Colleague: 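I have a structure I would like to understand better, so I am pasting it below and will then ask my questions one at a time.
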There are 2 protein chains.
Amino acid sequence: MTTMLEVAKRAGVSKATVSRVLSGNGYVSQETKDRVFQAIAESGYRPNLLARNLATKRTQTLGLVVTNTLYHGVYFSELLFNAARMTEEKGRQLILADGKHSAEEEREAIQYLLDMRCDAIIIYPRFLSVEEMDEIIDRHEQPIVVLNRRLRRNASHSVWSDHKASSQAAVSRLIEMGHREIAFITGSLDSPTGGERLSGYRAALAQHNIPLRDELVVEGRWTPASGAAAVSTLLTRQVAFSALVASNDDMAIGAIKQLHESNIAAPQAVSVIGFDDVAIAPFIVPSLSSVRIPVTEMIQETISRLIFMLDGGDFTFRQSFPGELILRGSVVPGPYA
Amino acid sequence: MTTMLEVAKRAGVSKATVSRVLSGNGYVSQETKDRVFQAIAESGYRPNLLARNLATKRTQTLGLVVTNTLYHGVYFSELLFNAARMTEEKGRQLILADGKHSAEEEREAIQYLLDMRCDAIIIYPRFLSVEEMDEIIDRHEQPIVVLNRRLRRNASHSVWSDHKASSQAAVSRLIEMGHREIAFITGSLDSPTGGERLSGYRAALAQHNIPLRDELVVEGRWTPASGAAAVSTLLTRQVAFSALVASNDDMAIGAIKQLHESNIAAPQAVSVIGFDDVAIAPFIVPSLSSVRIPVTEMIQETISRLIFMLDGGDFTFRQSFPGELILRGSVVPGPYA
DNA sequence: TTGTAAGCGTTATCAG
DNA sequence: CTGATAACGCTTACAA
């Protein structure tokens, strides 16, 4: 690989001059500039970013940590796509690190990005506790923002959507439509998001003085198959329900499929609600209602904050990203089972 | 940030010794090893990978270039997930670069990865020609493998699936089942993959002496919506068909939806075939048949080859990755329109 | 078994 | 406007 020194020799100048030409810092006569560019073209020179970054102590990269349990599906694509796009708009590069499927691996992924000297880091945690992330933020000088968690201490370092409130609103809406028996399929309950959505369900019932019935709640594992299985469980429990809320779209899709196969009218009803995904699901299952989480906006906010912490400049802090309830299809009030 | 020098001082040794302890190269007495580890723990030292990589001229990273037109959907998630997993299994890190949506931007993405000194590079091209990629491979000493294209000159640097053959086989299968009027929704025809699948369709017809009828072919743009639109076009053309093949699953899903809304029996039939995706689609649309492209296996082969080019070792060259036709549902022979 | 010192390819400070 | 030269933080002969 040809280095800056070779370019310098070929152009009959010093390394320093070549560096100036490339960076645009400092004065260089037009004449030598031309010679340098010529030499660069002739030699096919390419700067070594490792060397550059080592010298400047800046890498122009943002790191992103995501568990690979999130890698599947539309939500992740959307997240990644937007993160990459906005990062590049700010003249930086996104580096993705896999948080795999444990707290320890999430820590390692963060550590890798720090060792690579990313200028700033975005964490979309699955296993790390908020306490630990608060500590991590305190321990490091690099700007770090946490997505989808509400931090206590470093509030300005987190961007989240209030899952409990969204869930409560969605369920309340069903209640106001006349539903009293509402089934709920939770996500994995070791995930905060899963827990928050469940407590939103509980809160909505309480708010309307409807007693909570445990037999209407089934635990799923975020997948379509587990949503279908949950419906089977409900049916074998012989418990009647006129509406169903699932903690994400994938499970809602599985649930609708299972209801359909059991010859139950739900797929045509508005009364099945999911969360998160927005792309293909409603296209295929027009009856599926959903609470859309504004990923794009959240990523936008996240990256703006990081860039602000790095470069300063103008800054608009946006506190809340409420989920948006999108209702489709028409109401079918009757009990399904 | 604390550096290796500070650790060395604290442990009362030289930088070199610390380096030896960390890398495991060269002899160090157990005693000093212990002192060094202690000093590392006390100081919270972390190696600077930029410096290390600059010195070793190795980064332990593989670069991956993908157009962001691919970012949406299951196929991409699957690709990325497997690439990341396998890369890490080989003790490396995957760096993703966005090829955006033009040849120029694909070139820039490749260049960035080269400038970052990735040890090797995987290109999943959308706009670059095979000729240019052959040149790129020739020009650089880093191992480069191209996914989903058949290179002429650097055959061992490409991993692909024969889309034309898969498409031809799928269409032939329909013909053997008794279908004569088979509609075809192409992908964007500026994409080689789109072109290959279409020519497979033509070849199958020719092979069975069925005349090609242009009115049975509609151009889509890979999206569910364009699949639905294509069906509308077919219906307004008033042309009868008893089977339909779409160049990918997304369009097939859109097509099925549109057929369904037009009260046509297709959704229950085996006779709609898509390509690529495998995760959610058939779960939601059980009748959808599909040619599954073995992404996982292809990524596996790609990474093995790269690692072989880097480290040597054992190596199994796998030439062909045929698509796998997965038929679902039952045959409905009658014409749909 | 350990230390010294010369790189790795840039940037950045200071003279000139 | 340009050139030396000292960093940046690490690895790796070569000596000792």
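Everything numeric here is computed off the predicted structure, so don't read it as measured data.
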Colleague: When we call it a touch if two heavy atoms are under 4.0 Å apart, what does A:R58 touch: a base, just sugar-phosphate, or nothing?
Modeller: nothing
Colleague: Indicate whether OP1 or OP2 belonging to C:dT11 is found under 4.0 Å from a side-chain N or O atom of A:K57.
Modeller: no
Colleague: Closest nucleotide of DNA chain C for B:Q30 versus for B:A55: which of these residues is on the 5' side?
Modeller: B:Q30
Colleague: Indicate yes or no: at least one non-hydrogen side-chain atom of A:V36 is less than 4.5 angstrom from one of A:E31.
Modeller: no
Colleague: Can you find a side chain N or O atom of A:Y27 that sits less than 4.0 Å from OP1 or OP2 on D:dG3?
Modeller: no
Colleague: Does D:dG3 have OP1 or OP2 sitting under 4.0 Å from an N or O in the side chain of A:S14?
Modeller: yes
Colleague: Indicate, with a heavy-atom threshold strictly under 4.0 Å, whether B:V18 touches base, sugar-phosphate, or nothing.
Modeller: nothing
Colleague: How far apart are the C-alpha atoms of B:R58 and B:D119, what are their side-chain angles, what is the distance that settles it, and do they pass the salt bridge (Lys or Arg N to Asp or Glu O under 4.0 Å) test?
Modeller: CA-CA 6 Å; B:R58 280 284 204 138; B:D119 293 341; 3.8 Å; yes
Colleague: Distance-only, no hydrogens or angles: does the A:T67 side chain make a donor-acceptor pair with backbone N or O of A:T69 under 3.5 Å?
Modeller: no
Colleague: Any side-chain donor-acceptor pair under 3.5 Å between B:D34 and B:Q38?
Modeller: no
Colleague: Between B:T17 and C:dT2, does any side-chain N or O lie under 4.0 Å from OP1 or OP2?
Modeller: no
Colleague: What I want to check is whether an N or O donor and acceptor connect the side chain of B:R20 with the base of C:dG3 at under 3.5 Å.
Modeller: yes
Colleague: How many Å lie between CE on B:M4 and P on D:dT11, as a whole number?
Modeller: 4 Å
Colleague: Is any side-chain nitrogen or oxygen of A:S29 closer than 4.0 Å to OP1 or OP2 of D:dT2?
Modeller: yes
Colleague: Would you say C:dT2 has OP1 or OP2 under 4.0 Å from some side-chain N or O of B:T32?
Modeller: yes
Colleague: At under 4.0 Å between heavy atoms, what does B:S19 touch on the DNA or RNA strands: base, sugar-phosphate, or nothing?
Modeller: base
